[in-house]
J.: 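Quick one: this structure, given as structure tokens, is what I'll be asking you about.
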Amino acid sequence: MSKTDWIQQEIDNLQAQGLYNRIRTIGSPQGAWLIVDGKRVLNFCSNNYLGLANHPDIVNAARKSVDTMGMGPAAVRSIAGTMTLHVELEKRLAAFKGVEAAITFQSGFTANLATIPALVGKEDVIFSDKLNHASIIDGARLSGAKIIPYEHNDVNSLEEQIKTNLSQYRRALIVTDGVFSMDGDIAPLPAIYEVAQKYDILLMVDDAHGEGVLGKGGRGIVDHFGLHGKVDVEVGTMSKAFGVVGGVVAGKAIIIEWLRQRGRPFLFSSAVTVPDAAACLAAIDLLEDSTQLVDKLWSNAKYFKEEMVKLGFNTGVSQTPITPIMLGEAKLAQQFSRELFEEGVFAMAIGYPTVAQGKARIRVMISAAHSKDDLDKGLEAFGKVGKKLGVI
Ligand SMILES: *Cc1c(COP(=O)(O)O)cnc(C)c1O
């Protein structure tokens, strides 16, 4: 017996249940097509919504910044000073999103870990959508506050929970994903805001999949619903549509100021590197210059979804470019994904526990980087595999 035997047993269990995570290796830049495990395939997997991950303007901005400012920030910002690039990025993000202020973090994940414990603690309560992202759940746990889940996107359930529980706590926070990444549906933010107002509760939305996607020119879910100045905290990421890396919290100046004092991943961990920050700035330039990429993303998504429905597939409740192809059993979804790969299409199966039992699916991520020809190739492969496996 060795002291790591239990880990081997756990891994064997995962493999037996078909839940072991085998990670494919990508040998090319991100784009509509990828080299995956040595094979050229159509990419239906990435969060590279606008094709910015390998955009020449962004690559050039990163390269130039290294020549003048070097590579790493070399220390935590609050201890050894912050670089002009990071300050500029926060100003530009605040202006882009039309909020008073913004603060950046290493990732969207750490943005949530920073924000929730800074706003609520042991004597407080968090009302959290049942399908919220793992980083929200972890941030909520870290805060020590009581976590009360409400039914997914169900404002009545939210209000019921508030009525029953609010009076037992000092302060409260309502938190929801903006776009839910597995189904592509959008949180009913105007109705959630009404409830937050009625009970005077802080409102936080994690717009990781809405940043660069929803709203005018990709300004996010708050812009999409015209709720400017009403949502207290907007979390976002620069790792998805922005094509780079980094998290952001945008909102009221007083909250951003507090996160500079109390956001632990800000106080105890270094910032993103110089080229990351420069690349994010270049992404904002592109988004502010033109809505063309965002428009292309949405027209691609509309076309792909319509054609999939015509073929006879069920694309669930998606309202965004995230397109789930509902298949039911995890084994079927996995086989479907393997067959697609044989046909030159890279699209991953998603099953329990990421989604509920019996709700396994293939998730297609549409991008502005796809041409109509790419989408047609994908549709053809889906049609062929769907017929072979008796799905359509
Ligand atoms: C992807 C995602 C994150 C994490 O963002 P990273 O920048 O990759 O850490 C956080 N929240 C939600 C809702 C996400 O979809």
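Just so you know, residue 1 is the first one in the sequence shown, and it goes up from there. We count ligands from 1, going down the list as the structure has it; atoms in each ligand are counted the same way.
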J.: To which protein heavy atom is atom 5 (O) of ligand 1 closest, and what is the distance rounded to 0.1 Å?
T.: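 Going by distance alone, atom 5 (O) of ligand 1 is nearest to Gly108 CA, 3.6 Å.
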J.: Show the atoms of ligand 1 that are less than 4.0 angstrom away from any heavy atom in Ala208.
T.: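 Answer, ordered by atom number: 2 (C), 11 (N), 12 (C), 13 (C), 14 (C), 15 (O).
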J.: Please list, in number order, the atoms of ligand 1 under 4.0 Å from a heavy atom of His209.
T.: 15 (O)
J.: Could you establish whether Ser135 and ligand 1 come within less than 4.0 Å of each other, counting only heavy atoms on the residue side?
T.: yes
J.: Is Lys97 salt-bridged to Glu211, cutoff N-O under 4.0 Å?
T.: yes
J.: Could you identify the single nearest non-hydrogen protein atom to atom 1 (C) of ligand 1 and state the distance to 0.1 Å?
T.: Lys240 NZ, 1.5 Å
J.: Is any side-chain N of the basic residue among Glu90 and Arg260 closer than 4.0 Å to the acidic one's carboxylate O?
T.: yes
J.: Show which atoms of ligand 1 fall inside a sub-4.0 Å distance from at least one heavy-atom site of Thr237.
T.: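 Within the 4.0 Å cut-off of Thr237, ligand 1 contributes 5 (O), 6 (P), 7 (O).
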J.: Tell me whether Arg171 is salt-bridged to Glu123, with the criterion being a basic N under 4.0 Å from an acidic carboxylate O.
T.: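 Salt bridge: no.
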J.: I'd like to check the side-chain hydrogen bond (donor to acceptor under 3.5 Å, both in side chains) partners of Ser28; sequence neighbours left out, ordered by chain and number.
T.: none
J.: Could you check atom 4 (C) of ligand 1 against the protein and tell me its nearest heavy-atom contact, residue, atom and distance included?
T.: Phe109 N, 3.7 Å
J.: Which residue and non-hydrogen atom of the protein lie closest to atom 11 (N) of ligand 1, and at what distance in Å?
T.: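 I find the closest protein heavy atom is Asp206 OD2, 2.6 Å.
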J.: Is there a nitrogen or oxygen of Gly246 sitting under 3.5 Å from a nitrogen or oxygen of ligand 1?
T.: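 Among all N and O atoms of Gly246, none is under 3.5 Å from an N or O of ligand 1.
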J.: Just how far is it from atom CZ of Arg219 to atom NE2 of His228, taken to the nearest 0.5 Å?
T.: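 Rounded to the nearest 0.5 Å, the CZ-NE2 separation comes out at 9.0 Å.
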J.: Answer yes or no: is there an ion pair linking Glu306 with Lys310, defined by an N-O contact shorter than 4.0 Å?
T.: no
J.: So which bit of Ser239 gets within less than 4.0 Å of ligand 1, heavy atoms only: side chain, backbone, both or neither?
T.: side chain
J.: At less than 4.0 angstrom from any non-hydrogen atom of Asp177, what atoms of ligand 1 do you find?
T.: 13 (C)
J.: Using 4.0 Å as the upper bound for N to carboxylate O, is an ion pair formed by Lys130 and Asp154?
T.: no
J.: Against Ser135, only a single residue in Thr237, Asp177, Thr110, Asn112 fulfils side-chain hydrogen bond (donor to acceptor under 3.5 Å, both in side chains); can you say which?
T.: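 The passing option is Asn112.
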